Amino acid sequence: MWFKYFLLISVMGFVVVSPATTHKHTQGGSKERMEDGSYSPRDAHHFEGGVHQNEFDHEAIIGSVKEAEEFDRLTPEESKRRLGILVQKMDLNSDGFVDRHELKAWILRSFKMLSQEEANDRFQDVDEDNDGLVTWKEYLKDTYGMESDNEAIQSLEQIIEEESKLIEEDKVMFKAADKDGDGFLTPDEFVVFLSPEEHPEMLPLILEQTLREKDLNGDGKVDFKEFVGDSAKHHDKEWLISEKEKFDSEFDKDGDGVLNGNEILSWVVPSNEDVATDEVQHLFASSDDDHDDRLSYEEIISNYDTFVGSEATDYGDHLQNIHHLSDEL
């Protein structure tokens, strides 16, 4: 983990700030799960603690964590120049505007690129012998610090039950992603393994795993009691009422009081389509200055800090942090 430090030196009324960036671009962590067991949506940290995190916007446009970090170090002029190149690619019909459909298509493309980038970086970490393939043994060692399944079984008393379950789930997913069954994952197969929720062929396995974990009475469905699970013990009545409303209105589409099949998947697997739609709405609200429901090149580039950021955006973050620190002193 990298820690950011700010050096504040007051000299003749001026404040000097160290050049370390305050942005926190991080890989999406596609296997991140939420409290109820569902996969974490891509925009889970977009509004964190009630505060807007613009890193998500930048990555949704640029399609790369690494390039988003590079934009953070650019001057506003260079950031605008590069954004201008991206805008022309977004404008699929070359009419001089980016409409909602074009922006959504671009964002969905970015999500795929982000998954690929994350998988490529992780692949290099896991591929210990650098042969361009990942074995289950390599993954087990890198992720859980174990050399073999036998060691994992023998270590169950030393590790938490949740981790042992994750190992078993990972092994099932690993075999499913290994399409040719040769015991190795190629880079393309590794993307599917790392982000199973984004690949339709993996959804039956996700459904099976969810039922195994949540369907306590074995009827092939998930009722509300199973939906909230042990979490109900740690929350108040107001939380239960809120969860019941979510269960009824968002997931139980046929109103039969239980979730099954696609209803379970709609709960467990976040929709990139929905996330992209929300992001389009957010970006239009921030940038459609003339409210004509389309974004001109000028509107996008003039709002470059919303779309891609730059050194100037970081400077604004520095000033905000300085103010917070000043208030505490």
Side-chain angles (χ1 to χ4, degrees), residues 26-48 52-65 90 92 98-119 169 173 176-177 191-211 213-214 221-222 224 226-229 231 242-256 258-286:
T26 57
Q27 292 289 6
S30 54
K31 283 186 176 294
E32 183 180 348
R33 307 295 284 269
M34 302 181 74
E35 183 182 2
D36 62 3
S38 61
Y39 285 84
S40 178
R42 281 201 168 272
D43 60 349
H45 306 295
H46 191 189
F47 292 90
E48 199 165 27
H52 175 239
Q53 308 294 328
N54 57 10
E55 291 84 358
F56 174 78
D57 301 322
H58 301 169
E59 291 160 16
I61 294 299
I62 299 169
S64 166
V65 170
M90 294 180 208
L92 299 178
V98 176
D99 63 31
R100 290 178 182 269
H101 296 294
E102 290 171 327
L103 185 56
K104 181 178 178 178
W106 182 266
I107 291 171
L108 287 171
R109 169 184 175 275
S110 290
F111 288 168
K112 289 182 179 179
M113 292 172 63
L114 287 164
S115 292
Q116 184 70 60
E117 181 182 65
E118 179 188 358
E169 290 181 353
M173 290 292 181
V191 175
V192 177
F193 168 65
L194 200 65
S195 306
E197 76 281 10
E198 296 186 350
H199 298 272
E201 67 270 27
M202 303 294 276
L203 296 184
L205 283 176
I206 292 177
L207 177 59
E208 182 180 320
Q209 289 183 347
T210 303
L211 284 171
E213 179 182 353
K214 295 288 187 178
K221 304 171 185 178
V222 174
F224 179 67
E226 293 167 332
F227 176 78
V228 295
S231 296
S242 174
E243 289 298 298
K244 185 64 167 69
E245 182 178 347
K246 184 190 302 182
F247 181 91
D248 293 337
S249 63
E250 295 184 22
F251 304 123
D252 184 15
K253 303 297 183 182
D254 58 11
D256 64 353
V258 293
L259 306 184
N260 51 60
N262 289 333
E263 291 176 334
I264 295 174
L265 288 175
S266 72
W267 157 43
V268 176
V269 179
S271 167
N272 277 350
E273 288 274 342
D274 291 345
V275 173
T277 297
D278 290 344
E279 178 63 0
V280 168
Q281 178 65 29
H282 169 67
L283 291 174
F284 262 73
S286 302

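The structure presented is a predicted model; accordingly, all values stated were derived computationally and were not measured. Just so it is clear, the values below take in all heavy atoms, side chains as well, and ignore hydrogens, waters and symmetry mates.
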Side chains of Arg42 and Ser115: donor-acceptor distance under 3.5 Å anywhere?
yes

Have Glu48 and His45 got a donor and an acceptor in their side chains that come within less than 3.5 Å?
yes

Report yes if some heavy atom in the side chain of [X] is under 4.5 Å from a heavy atom in the side chain of [Y]; otherwise report no.
X	Y	value
Ser195	Tyr39	no
Val191	His199	yes
Leu103	Ile61	yes
Leu259	Lys221	no
Pro196	Leu205	no

Apply ring pair (Phe, Tyr, Trp, His ring centres under 6.0 Å) to Phe47 and list each qualifying residue two or more places apart in sequence or on a separate chain.
His52, His282

Partners meeting ring pair (Phe, Tyr, Trp, His ring centres under 6.0 Å) with Phe284 (sequence neighbours left out)
none

Judged by atom type as modelled, is there a donor-acceptor pair below 3.5 Å linking the side chain of [X] to the main-chain atoms of [Y]?
X	Y	value
Glu117	Val65	yes
Glu59	Leu114	no
Ser38	Val268	no
Ser271	Asp274	yes

Pairing residues for [X] by the salt bridge (charged side-chain N to carboxylate O under 4.0 Å, His left out) criterion, not counting sequence neighbours:
X	answer
Arg100	Asp293
Glu250	none
Lys112	none
Lys244	Asp248

Taking NZ, NE, NH1 and NH2 as the nitrogens, is one of them in Lys104 or Glu273 under 4.0 Å from a carboxylate oxygen of the other?
yes

From [X] atom [atom1] to [Y] atom [atom2], the distance as rounded to the nearest 0.5 Å:
X	Y	atom1	atom2	answer
Thr210	Glu226	OG1	CD	12.0 Å
Gln116	Leu194	CD	CG	10.5 Å
Ser110	His58	OG	NE2	13.0 Å
Asp43	Phe111	CG	CZ	7.0 Å
Leu203	Glu198	CG	CD	10.5 Å
Ile107	Asn272	CD1	CG	11.0 Å

Check step by step if side chain to side chain donor-acceptor pair (under 3.5 Å) holds for Asp278 and His46.
CA-CA 11 Å; Asp278 290 344; His46 191 189; over 6 Å; no

After noting the C-alpha distance and the side-chain angles of Phe56 and Val275, does the key distance pass the side-chain contact (heavy atoms from CB on, under 4.5 Å) rule?
CA-CA 11 Å; Phe56 174 78; Val275 173; 3.9 Å; yes

If you look at every heavy atom in [X] and [Y], which pair is closest and at what distance?
X	Y	value
Asp254	Val258	OD1-O, 4.4 Å
Ser249	Lys253	O-NZ, 4.5 Å
Ala60	Trp106	O-CD1, 4.2 Å
Met113	Ile62	CE-O, 4.3 Å
Glu102	Leu92	OE2-N, 3.1 Å
Val228	Glu243	CG1-CB, 4.1 Å

Test log, rule side-chain contact (heavy atoms from CB on, under 4.5 Å), inputs Met202 and Glu197:
CA-CA 7 Å; Met202 303 294 276; Glu197 76 281 10; over 6 Å; no

Checking side-chain contact (heavy atoms from CB on, under 4.5 Å) for the pair Val222/Asn260: CA distance, chi angles, key distance, verdict?
CA-CA 7 Å; Val222 174; Asn260 51 60; over 6 Å; no

Once you measure the plane-to-plane angle for Phe247 and Phe227, does it fall in the parallel (<30°), tilted (30-60°) or perpendicular (>60°) bin?
perpendicular

